[in-house]
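Notes follow once the structure below has been shown.
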Number of protein chains: 2
Amino acid sequence: MFSQTVEYALRAMAYLADQAKVPQPNPLIAQATKVPSAYLAKVLRQLVQGGLLNGQRGPNGGFIIARDPGSITLWDVLEAVEPMRRIKTCPLDLASHLTNLCPLHRKIDDALALLEKTFKEATLGELLNQKGKPHPLCDFINPPRIKLGVKPSRRTKI
Amino acid sequence: MFSQTVEYALRAMAYLADQAKVPQPNPLIAQATKVPSAYLAKVLRQLVQGGLLNGQRGPNGGFIIARDPGSITLWDVLEAVEPMRRIKTCPLDLASHLTNLCPLHRKIDDALALLEKTFKEATLGELLNQKGKPHPLCDFINPPRIKLGVKPSRRTKI
DNA sequence: CAGAATTAGGACAAAAAGGTCTTGATATCT
DNA sequence: AGATATCAAGACCTTTTTGTCCTAATTCTG
């Protein structure tokens, strides 16, 4: 129903909302969210371009959330990576339905509207620290920023 | 958000709900719903296998709705072609979330649950003949069953 | 400034979804 | 029975999505 990309984007945003202020480099996010790092890189770039994250290069760089998590909705995240296409005009281009969707497409679009509303009402901030609930995505809070296992380059000649 | 296949399946079911009793051959459904006929064939087969349609071969054959449209929900159609995958266990396989989804995935699954409910409450029957609304999919009711334009075979040698 | 860490961008590969075509089975009609 | 209309099944192609990899640009540290 939701694409992988959306799922990954939401995971990354939830993680970064939790780590506010300290830039998190891609491999660390990838580990915490269990998303393939190389693909995550693409998703993160979309989130930067959507204005939800800032990318900071160089040592001690990484990604940092661009605004207060309380002001970012799940809808904002969705829009940044894969905008929902609401049904505005008849998908069959029938003349008589131009201004007035047929009951089927009205029903479908109503469902989309409901989804849109649900996600617009949920902020990243709300997901954090809900008592009685597990912490988002991660078994422990603020994992130490340490080097991950040094993966041997496959280019080991000389 | 919804796949093409789901959209096509819903169009076909809405059309056939409207034509109850008279078998409609694939090309006619394809024309009325503006779905590529060869692909529609696949979708129709899934709907037959899902028990929502009956296929009847031979002259004057076609597809016919298997049950009363009032008893078929949009959810049934969705399930037949592309079952929604609810989130039942932690997608990250975190031990501490096994029985208790984290707030992010709880939120996502709640949205899926809402969708599920919406579609379970809507039947094909309800879509038909809503007054003041355009007829589903088609500019006129019960189009005559006529031969479509004979498309010249591309195998015209000899 | 040299070196290392990190994002930015894009080429490329693999997998899934969407779409086409051909062949075979079955039903109807004369 | 023969001719024809139709679905059933599946091989095959195309496009989109997902995933990998390499190179360039930038920034930090000593």
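So that the names make sense, note that chain A is the first sequence line, chain B the second, and so on, each numbered from 1.
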Under 4.0 angstrom between [X] side-chain N/O and [N] OP1 or OP2:
{"X": "Y8(B)", "N": "dG19(C)", "result": "yes"}
{"X": "Q49(A)", "N": "dA8(C)", "result": "no"}
{"X": "N60(A)", "N": "dT29(D)", "result": "yes"}

When the distance from [atom1] of [X] to [atom2] of [N] is rounded to whole Å, what number comes out?
{"X": "Q4(B)", "N": "dT17(D)", "atom1": "CD", "atom2": "P", "value": "11 Å"}
{"X": "R45(B)", "N": "dT20(C)", "atom1": "CZ", "atom2": "P", "value": "14 Å"}
{"X": "N54(B)", "N": "dA27(C)", "atom1": "CG", "atom2": "C1'", "value": "15 Å"}

Have a look at S37(A) and say if it touches a base, only the backbone sugar-phosphate, or nothing, with a 4.0 Å heavy-atom cut-off. nothing
From C-beta outward on F63(A), which listed nucleotide comes closest to its side chain: dA8(C), dC12(C), dT27(D)? dA8(C)
Do D76(B) and T73(B) have side-chain N/O donor and acceptor atoms under 3.5 Å apart? yes
Going by atom type alone, with no hydrogens or angles, which donor-acceptor pairs under 3.5 Å involve a side-chain atom of residues 36-43 of chain A and a protein atom two or more places apart or on another chain?
residue, atom, partner, partner atom, Å
S37(A), OG, N26(A), OD1, 3.0
Y39(A), OH, T5(A), OG1, 2.8

For dA5(D), does the base pair up with any side-chain atom of R57(B) as donor and acceptor (N or O, under 3.5 Å, distance only)? no
The helix from dC1(C)-dG30(D) to dT30(C)-dA1(D): angle between end helix axes, five pairs per end, rounded to 10 degrees: 10°
